[in-house]
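Below is one structure, written out as structure tokens, with a few remarks after it.
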Amino acid sequence: MTNCTFAEINSALRENERFAVLGHVRPDGDALGSQLALALSLKQLGKDVRVWNEDGMLEKYSFLPRAELLTKPPAGPEDVDVAIALDTAIQNRLGTALEVIGSAKIWINIDHHPSNPGYGDLVYIDSTAPATGQILFELIKSERLPIDHAIAENLYVAISTDTGSFQYPNTTARTFEIAAELVRLGVDVGSVSQQVYENFPRRRVELLRELLRTMRFEGKGRVASFSLSLKTAAELAVIPEDNEGLIDHLRAIRGVIVAVFFEELADGKVRVSMRSKNERVDVCAICQKFGGGGHTLAAGARIRGMLAEVEERVLKAICDVVDCNS
Ligand code: AMP
Ligand code: MN
Ligand code: MN
């Protein structure tokens, strides 16, 4: 499937009036930063813009410039000319926002997930981009869309969070060039980094303590996992956003190739997060076997079943790929 051009997206943006800018459920810094950045650029063009995420703005990203623009979708249907899905590999991961928009004339899909099937009318998927925020920067630059300090900071957070603070292998020279341009636009690296990485509520570290108690290793230490039951989550009074990134503690262990986090959900499913440290071990392919998706090195799925039972099924599927016996 071939991408549309930035020029085609640009025309759709400039020639229409009412927009909805959407991102995936359980949003991360890339989804929220990208949504706000594009929405702000559209607002500067004088457009009528809604910015909706099923989960609304997360507490930990509420420092993002103009964070108040991003809300939960309304209860009833609303008419827009253009709906834009950002950072969303599967259309149903737009959640309730999808139900609100019945009548959009044009759907734009901008993403960096290789598993994205290319839903929508104008599709731009660049799986080499480390973040949707990086694609948006290229779009804004090439089409001379408005950019200012607030937009730059949102894009910086999008790129910083999806590259693991410029550490993951998807970080390229271009990523640093873009980061430099964003810093020149006024992003204060120290202050933004502190807000993203050094401002967690204490309960997140208490959660980490409990997760580490459940830590287990398979396959000669190549597969590490931990899990969170509904009971523990309730006892610690954690909220879903608290666990973003905790899986990195497993990934950081020497010898670990695949890290897995299992989270029991209230709807009878288990949310599985997976990370790989080896390009030859494609966790997206493993997650796709369970109806999920993502990237080669970072993927996820929601699997129906009891926590312990899902753990065993998933760990076995990983061990089959990682060759845990040699
Ligand atoms: P997470 O582990 O939730 O941080 O997600 C890692 C990557 O996998 C992200 O790029 C997600 O977009 C993708 N992903 C997570 N969960 C799912 C899912 N249920 N279906 C498809 N992709 C997913
Ligand atoms: Mn994301
Ligand atoms: Mn992303």
Side-chain angles (χ1 to χ4, degrees), residues 21-38 53-55 58 60-61 70 85-95 98 109-117 119 124-137 154-166 168 170-171 175 196 211 225-228 240-251 258-263 265 267 269-277 282-305 310 314 318:
V21 182
L22 314 174
H24 61 81
V25 298
R26 289 294 288 265
D28 48 24
D30 188 27
L32 296 173
S34 291
Q35 283 187 260
L36 283 171
L38 184 57
N53 191 292
E54 172 173 316
D55 294 301
L58 303 186
K60 72 174 169 187
Y61 288 116
L70 189 144
L86 299 176
D87 198 42
T88 306
I90 309 178
Q91 201 174 23
N92 68 16
R93 277 176 56 80
L94 295 170
L98 189 56
N109 171 4
I110 301 174
D111 189 23
H112 66 130
H113 292 92
S115 62
N116 191 310
Y119 58 88
Y124 195 97
I125 295 159
D126 177 1
S127 60
T128 70
T132 299
Q134 177 161 328
I135 305 173
L136 289 182
F137 178 87
N154 278 296
L155 290 177
Y156 186 90
V157 170
I159 296 169
S160 173
T161 52
D162 255 28
T163 55
S165 200
F166 304 96
Y168 300 154
N170 55 10
T171 310
T175 314
V196 180
L211 291 177
S225 62
F226 52 36
S227 64
L228 175 61
E241 69 186 71
D242 290 333
N243 66 48
E244 188 191 350
L246 292 180
I247 193 173
D248 291 341
H249 290 275
L250 297 177
R251 188 220 293 264
V258 177
V260 199
F261 172 47
F262 297 97
E263 179 189 357
L265 301 176
D267 63 359
K269 290 187 180 170
V270 177
R271 171 175 171 263
V272 182
S273 265
M274 249 182 249
R275 301 290 184 268
S276 167
K277 275 156 80 177
D282 178 354
V283 288
C284 178
I286 299 172
C287 286
Q288 281 179 317
K289 288 183 195 160
F290 294 96
H295 312 271
T296 306
L297 301 182
R302 283 171 186 238
I303 305 172
R304 185 161 297 286
V310 170
V314 170
I318 297 169

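Counting convention: from 1, in listed order, for ligands and their atoms alike.
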Open item on the list: Taking 4.0 angstrom as the limit and counting only heavy atoms of H113, give me the atoms of ligand 1 inside it, by number and element.
Closed with: 9 (C), 10 (O), 11 (C), 12 (O)
Task: Region of R275 engaging ligand 1 - heavy atom pairs below 4.0 Å - done: side chain
Task: For the Mn ion (ligand 3), the closest N/O/S atom belonging to D162 - done: OD2
Open item on the list: Once you measure the plane-to-plane angle for H112 and H295, does it fall in the parallel (<30°), tilted (30-60°) or perpendicular (>60°) bin?
Closed with: tilted
Open item on the list: So, of the N/O/S atoms that D30 has, which is the nearest one to the Mn ion (ligand 3)?
Closed with: OD2
- [ ] Give the contacting part of S273 toward ligand 1: side chain, backbone, both or neither, where contact means a heavy-atom distance below 4.0 Å.
- [x] both
Task: Identity and distance of the protein heavy atom lying nearest atom 18 (C) of ligand 1 - done: G300 O, 3.6 Å
- [ ] Number the atoms of ligand 1 from 1 as they appear, then name those within less than 4.0 Å of a heavy atom of G292, with their elements.
- [x] 20 (N), 21 (C)
- [ ] Please state whether the rings of F226 and F261 are parallel, tilted or perpendicular, taking 30° and 60° as the class boundaries.
- [x] perpendicular
TODO: Please name the pair of heavy atoms, one in C284 and one in G293, separated by the smallest distance, quoted to 0.1 Å.
DONE: SG-C, 4.0 Å
- [ ] Looking only at distances, please establish whether an N/O atom of ligand 1 is found under 3.5 Å from an N/O atom of G293.
- [x] yes
Task: the Mn ion (ligand 3) - closest N/O/S atom in D87 - done: OD1
Open item on the list: Suppose we measure from atom 7 (C) of ligand 1 to each protein heavy atom; which comes out shortest, and what is that distance?
Closed with: A298 O, 3.4 Å
Open item on the list: Starting from atom 19 (N) of ligand 1, what is the nearest protein heavy atom, named by residue and atom, and what distance separates them?
Closed with: A301 CA, 3.6 Å
TODO: Would you mind running through ligand 1 and noting each atom that sits below 4.0 Å from a heavy atom of G294?
DONE: 8 (O), 13 (C), 22 (N)
TODO: Indicate, as side chain, backbone, both or neither, the part of E244 found under 4.0 angstrom from ligand 1 when only non-hydrogen atoms are considered.
DONE: neither
TODO: Indicate yes or no: at least one non-hydrogen side-chain atom of N109 is less than 4.5 angstrom from one of I125.
DONE: yes
Open item on the list: What verdict does the side-chain contact (heavy atoms from CB on, under 4.5 Å) test give for Y168 and L297, after you've listed the backbone C-alpha separation in whole Å, the side-chain angles of each residue and the deciding distance to 0.1 Å?
Closed with: CA-CA 9 Å; Y168 300 154; L297 301 182; over 6 Å; no
Task: Whether R271 lies under 4.0 Å from ligand 1, heavy atom - done: yes
Task: Nitrogen or oxygen atoms of D87 and ligand 1 under 3.5 Å apart - done: no
Task: Sub-3.5 Å N/O-N/O distance, H24 and ligand 1 - done: no
Open item on the list: With side-chain hydrogen bond (donor to acceptor under 3.5 Å, both in side chains) as the test, pick out the partner of N53 among R26, Q35, H24.
Closed with: Q35
Open item on the list: Regarding H112, does it place an N, O or S atom less than 2.8 Å from the Mn ion (ligand 3)?
Closed with: yes
Task: L86, I159, L38 screened by side-chain contact (heavy atoms from CB on, under 4.5 Å) with T132, the one that passes - done: L86
Task: S34 side chain vs L32 backbone, donor-acceptor pair below 3.5 Å - done: no
TODO: Identify the heavy atoms of V310 and R304 that sit nearest to each other, and give their distance.
DONE: CG2-O, 3.9 Å
TODO: Without swapping roles, check the side chain of D30 against the backbone of G133 for a donor-acceptor pair under 3.5 Å.
DONE: yes
Open item on the list: For the backbone of D242 and the side chain of K60, can you confirm whether one donor and one acceptor N or O come within less than 3.5 Å of each other?
Closed with: no
TODO: Please calculate the NE2(H24)-the Mn ion (ligand 2)-OD1(D28) angle and round it to 10 degrees.
DONE: 80°
Task: Sidechain-backbone polar pair: D248 side chain, R251 backbone, donor-acceptor under 3.5 Å - done: no
Task: Atoms in ligand 1 flagged as close to H295, the criterion being non-hydrogen separation under 4.0 Å - done: 10 (O)
